[in-house]
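In each ligand, atom 1 is the first atom listed, and ligand 1 is the first ligand listed. Note that the coordinates shown come from a computational prediction; the quantities given were computed from them, not determined experimentally. Worth knowing before you read on, the calculation uses all heavy atoms, side chains too, and leaves out hydrogens, waters and symmetry mates.
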Amino acid sequence: MYTLGEFIIENRDHFSYPTEGLLRLFSSIKLAAKAINKEVNKAGLTEKIIGSSGIINIQGENQQKLDNFAHQVFIESLKSRNIVCGIASEESKDFIVVKGEKENSFQKKYIVLIDPLDGSSNIDVNVSIGTIFSVYRRKSSMNLTMDDFLQKGNKQILAGYIIYGSSTILVYTTGNGVHGFTLDPSVGTFYLSHPNLRYPKIERIYSINEGNYSRFPNGIKKFIRYCQEKKENRPYTARYIGSLVGDFHRNMIQGGIYIYPKTEYSPKGKLRLLYECNPMAFLTEQAGGKASDGENRILDIEPLNLHQRTPFICGPVRMVTKLEEFINP
Ligand code: AHG
Ligand code: MN
Ligand code: MN
Ligand code: MN
């Protein structure tokens, strides 16, 4: 049984930068994940976790108490390992500079972007939720600037998520495949459980919030009807949790396409490029799949602001390419 730490050391050639940096990064991510996991597991028993925080966040959403808790836990944990110089989060309007005596030295080399709690609408109803993270090298040598955060997804050096589901699993890539580790809560350790995750050959599932059907562009509507057609290996099964992390994890294991398109009311879609779509796109490609906004590769999109949204499609190459053909006939 490999622990996450042992796996990183054994596969040190998977990461182009010093292994110690990756271990320290993971040390803070694991610590935060365990702290959140502990609270999630007893969510129904404590007022601290259930319900709204009473704040409308920068996204215009009703922030949940757990959104805020997860944000605070990750920030504190990432700051503590002296390796991260800046953090951007779904729950914070501006990026956060990690202050400290070595802030401008090259010891703090990494920029982290996070969706601390993904799937907020599922917290109070005991359905899978997650955390998404994306990591870059800083570009600046002195003071951090917005350019350190607005890097294209193809510059990510590490991305992953934690899913708080029937078990808690951490999945990551550094550009050498996708690997998953399950938390044994009795020991507090992540063990390798899903080495080399790849989309299976079978095309089985489509995942989209079909309640928005009447607001979708025609290409998306046609693709949904194509998924439902009785032909070849179709109809596909429809599955949609409403937590990107949960929908993605299931589709990568069972073979399915995930779609959050633009709609009449949200012309840029809903999901955020920097801390939702880019990390998931990096994982998708490393699992042998394709991630697109309908026309362009997600990882090549030039980010213009921290909370930018984009339509998002990911899954097996053939399914995503098929949908693109419906969008651009
Ligand atoms: P978050 O909870 O981090 O704000 O993200 C919510 C996202 C994503 O998790 C999910 O896939 C999507 O919103 C669901 O949106 P709809 O309810 O519009 O389908
Ligand atoms: Mn999210
Ligand atoms: Mn979130
Ligand atoms: Mn949110």
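- For the Mn ion (ligand 3), the N/O/S atoms of Ile132 include none lying under 2.8 Å.
- Vertex the Mn ion (ligand 2); arms to Glu276 atom OE2 and Asp115 atom OD2; angle 90° (nearest 10°).
- For the Mn ion (ligand 4), the nearest N, O or S atom contributed by Glu90 is named OE2.
- When each of Tyr258, Tyr260, Phe282, Tyr161 is tested with Phe248 by the rule ring-ring contact (aromatic ring centres under 6.0 Å, His included), just one qualifies, namely Tyr161.
- The aromatic rings of Phe326 and Tyr226 are tilted relative to each other, their planes meeting at an angle between 30° and 60°.
- At a cut-off of 3.5 Å, with distance as the only test, no side-chain donor of Gln59 or Glu90 sits close to an acceptor on the other residue.
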- request: Check the pair Ser120, Asp67 against side chain to side chain donor-acceptor pair (under 3.5 Å), reporting the backbone distance first and the verdict last.
  value: CA-CA 7 Å; Ser120 303; Asp67 285 320; 2.7 Å; yes
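- Restricting Glu61 to its N/O/S atoms, the shortest distance to the Mn ion (ligand 4) is reached by OE1.
- When Tyr191, Phe190, Phe7, Tyr2 are each tested for a ring-ring contact (aromatic ring centres under 6.0 Å, His included) with Phe181, only one passes: Phe7.
- Per residue Asp118, closest N, O or S atom to the Mn ion (ligand 2): atom name OD1.
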